[in-house]
Amino acid sequence: MKIAIYGREFSDATLPYVQQVFDNLDKHDADLFIYEKFATFIKGKVKHRKKESTFNHYKELKGVVDVMLSLGGDGTLLDTVSLIRDSNIPIIGINLGRLGFLASINKDDIPAAIESLVHKEYTIDSRHLLKVESDTPLFGDENFALNDITIHRRDNSAMMIIHAYLNGEFLNSYWADGLIVATPTGSTAYSLSCGGPIVFPLSENFVITPISPHNLNVRPVVISDTYKLTFELEGRSSKFLLSCDSRTEVIDNHLKFSVSKADFQINLIRLKNESYLSTLRNKMLWGIDRRNY
């Protein structure tokens, strides 16, 4: 099996788990393609038997590798989306961080997870993405997001007013610190922390969640993912922030832009003992009585 590996810099405490990943991949004689910056970082720290190849760009992976392996938390896995794009290469994440909804493999389960991976004992969980478009190009050719597209205040200035339109019809003016448009995948991320609902994958919806709204009758809204949202910004500041997952750009308050469903999907790997519900219960501690602990 040909496996691409992406990761970020990590602390010494994480090193034994990363070494365990490479040991198990060596055990199954996998051909490795390591992101070049990560390969440079682990050189001399992590030992592996076979000489690896390196990559920097998604064009070097398309039609070459079978799986993308993300080593880190959800943020690390989100980084891999720009390396996978529309190639249909499935992604699996080993959670070396904290909560990990997307990077769902616990670091204590590394040997069993890699065993299942190389024997292709998994299912594919396809997830929709968002894209942002405007007359002024934003984010280059990486104008898509698996979790959310978010409008923020740039600094500690006064609140902003976000005028939102749904398929050209006026929806609402949000007086708030910002606004999140989340996919079902992203409904358990920033949107959830701002009071948004959990939306199951394949629901074919988006969630619009205001950040600290100043008009308290405003609540999150769930809409069909066939809709196109258009936004205009207003406020004392002339500059605001727009984020696609972990990528952020400064935008002018005169900029008009739209958010809609991207025209490709990302494939996440679910191992044979995993399901969305089991991940949700484990991460949210549902059904567990903590009172005696």
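FYI, side chains are in, hydrogens and waters are out, and symmetry mates aren't considered; it's all heavy atoms of this structure. Throughout, residue positions are numbered sequentially from 1 according to the sequence presented.
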Whether Q19 side chain and K47 backbone form a donor-acceptor pair below 3.5 Å
yes

Say whether, by atom type as modelled, one donor and one acceptor occur between the side chain of H57 and the main chain of K59 under 3.5 angstrom.
yes

Backbone N or O of Y174 within a donor-acceptor pair of the N172 side chain at under 3.5 Å?
no

R49 side chain to D26 backbone, donor-acceptor under 3.5 Å
yes

Output all residues satisfying side chain to side chain contact (heavy atoms under 4.5 Å, CB included) with H163, sequence neighbours left out; order by chain, then residue number.
I161, Y165, S173, E232, E234

Atom pair OG/CZ of S187 and F101 - distance to nearest 0.5 Å
8.5 Å

Taking the six-membered ring for Trp, is the centroid-to-centroid distance between F144 and F264 below 6.0 Å?
yes

Assigning hydrophobic clusters by single linkage (Ile, Leu, Val, Met, Phe, Trp, Tyr; side-chain heavy-atom cutoff under 4.5 Å), is L69 placed with V46?
yes

Determine whether E60 and T54 satisfy the following criterion, side-chain contact (heavy atoms from CB on, under 4.5 Å), listing intermediate values before the conclusion.
CA-CA 9 Å; E60 301 170 67; T54 59; over 6 Å; no

In short, G195 meets P220 closest at the heavy-atom pair O-CG, 3.7 Å

Same cluster for L179 and I211 if Ile/Leu/Val/Met/Phe/Trp/Tyr side chains link at under 4.5 Å?
no

Checking T183 side chain against N147 main chain: does a donor-acceptor pair fall under 3.5 Å?
yes

Got a salt bridge between K120 and D66, using NZ or NE/NH1/NH2 to carboxylate O under 4.0 Å?
no

Begin from the C-alpha positions of N282 and N106 and carry the test side-chain contact (heavy atoms from CB on, under 4.5 Å) through to its verdict.
CA-CA 11 Å; N282 291 335; N106 191 288; over 6 Å; no

Would D177 and R153 pass as an ion pair if we require N to O under 4.0 Å?
yes

Atom pair CG/CD1 of L71 and I42 - distance to nearest 0.5 Å:
8.5 Å

V132 versus E249: any side-chain heavy-atom pair under 4.5 Å?
no

For the residue pair L233 and F240, what are the closest heavy atoms and their distance?
CD1-CD1, 3.8 Å

Just verifying a value: how many Å separate N95 CG and K283 NZ, rounded to the nearest 0.5 Å?
5.0 Å

Might you point out which heavy atoms bring A164 and F231 nearest each other, and give the distance in Å?
CB-CE2, 3.7 Å

Would you mind reporting whether K27 and V118 have side-chain heavy atoms less than 4.5 Å apart?
no

V18 versus F22: any side-chain heavy-atom pair under 4.5 Å?
yes

As a test of understanding, state which of T150, T248, D148 forms a side chain to side chain donor-acceptor pair (under 3.5 Å) with S243.
T248

Gap separating the OH atom of Y35 from the CE atom of M68, nearest 0.5 angstrom:
9.5 Å

Going by distance alone, is a donor N or O of one side chain under 3.5 Å from an acceptor N or O of the other, for R154 and S237?
no

I'd like to know if K256 and D135 make a salt bridge, using a cut-off of under 4.0 Å between side-chain N and carboxylate O.
no

Are a donor atom and an acceptor atom from the side chains of E204 and H128 found within less than 3.5 Å of each other?
no

Within a 6.0 Å radius of atom NZ on K2, are there more than 12 heavy atoms belonging to other residues, nucleotides or ligands?
no

Is it true that I92 and L78 fall in one hydrophobic cluster, defined by side-chain heavy atoms closer than 4.5 Å?
yes

Is there side-chain contact between I124 and I269, with at least one heavy-atom pair below 4.5 Å?
yes

From D141 CG over to N143 CG, what is the distance, rounded to the nearest 0.5 angstrom?
8.0 Å

Apply side-chain hydrogen bond (donor to acceptor under 3.5 Å, both in side chains) to the pair T226 and S224, showing each step before the final yes or no.
CA-CA 5 Å; T226 61; S224 167; 2.8 Å; yes

Is the closest side-chain heavy-atom distance between D252 and K239 below 4.5 Å?
yes

For the residue pair F33 and D31, what are the closest heavy atoms and their distance?
CD1-O, 3.9 Å

Report the residues that fulfil salt bridge (charged side-chain N to carboxylate O under 4.0 Å, His left out) with D109, sequence neighbours left out, ordered by chain and then residue number.
none

Could you see if I151 belongs to whatever hydrophobic cluster contains V181? Use Ile, Leu, Val, Met, Phe, Trp, Tyr and a side-chain cutoff under 4.5 Å.
yes

Taking the basic N atoms (NZ, or NE/NH1/NH2) and the acidic carboxylate oxygens, is any pair closer than 4.0 Å for K45 and D12?
no

Close side-chain approach of L242 and L255, heavy atoms under 4.5 Å
no

Might you confirm whether atom NZ of K228 has over 12 heavy atoms from other residues, nucleotides or ligands at distances under 6.0 Å?
no

Output the distance between atom CG (L280) and atom OG (S104), rounded to the nearest 0.5 Å.
12.0 Å

Parallel, tilted or perpendicular: ring planes of F41 versus F10, cut at 30 and 60 degrees:
perpendicular

When you look at D225 and N205, which way does the side-chain contact (heavy atoms from CB on, under 4.5 Å) test go after all the steps?
CA-CA 5 Å; D225 65 7; N205 295 320; 5.8 Å; no

Using the rule that two of Ile, Leu, Val, Met, Phe, Trp, Tyr join whenever any of their side-chain heavy atoms come within less than 4.5 Å, decide whether V222 and Y190 are in one cluster.
no

Residues R85, E142: salt bridge by 4.0 Å N-O rule:
yes

Search all heavy atoms of H119 against all heavy atoms of E115 and return the closest pair with its distance.
ND1-O, 2.8 Å

Treating R247 as the side-chain partner and F139 as the backbone partner, does any N or O pair qualify as donor plus acceptor under 3.5 Å?
no

Would you say the side chain of R270 lies within less than 4.5 Å of the side chain of S275, judging by non-hydrogen atoms?
no

Show the numbers, then the answer: is there a side-chain contact (heavy atoms from CB on, under 4.5 Å) between L83 and F55?
CA-CA 10 Å; L83 296 170; F55 70 93; 3.9 Å; yes

For a ring pair (Phe, Tyr, Trp, His ring centres under 6.0 Å) check, start with the C-alpha distance between F200 and Y276, then their side-chain angles and the critical distance, and finish with the verdict.
CA-CA 8 Å; F200 275 55; Y276 180 77; 5.1 Å; yes

The residue among N267, I266, V65 that forms side chain to side chain contact (heavy atoms under 4.5 Å, CB included) with I89 is V65

Atom of F206, atom of S260 and distance for their closest heavy-atom approach
CE1-C, 4.2 Å

Heavy-atom side-chain proximity of R8 to D79 below 4.5 angstrom
yes

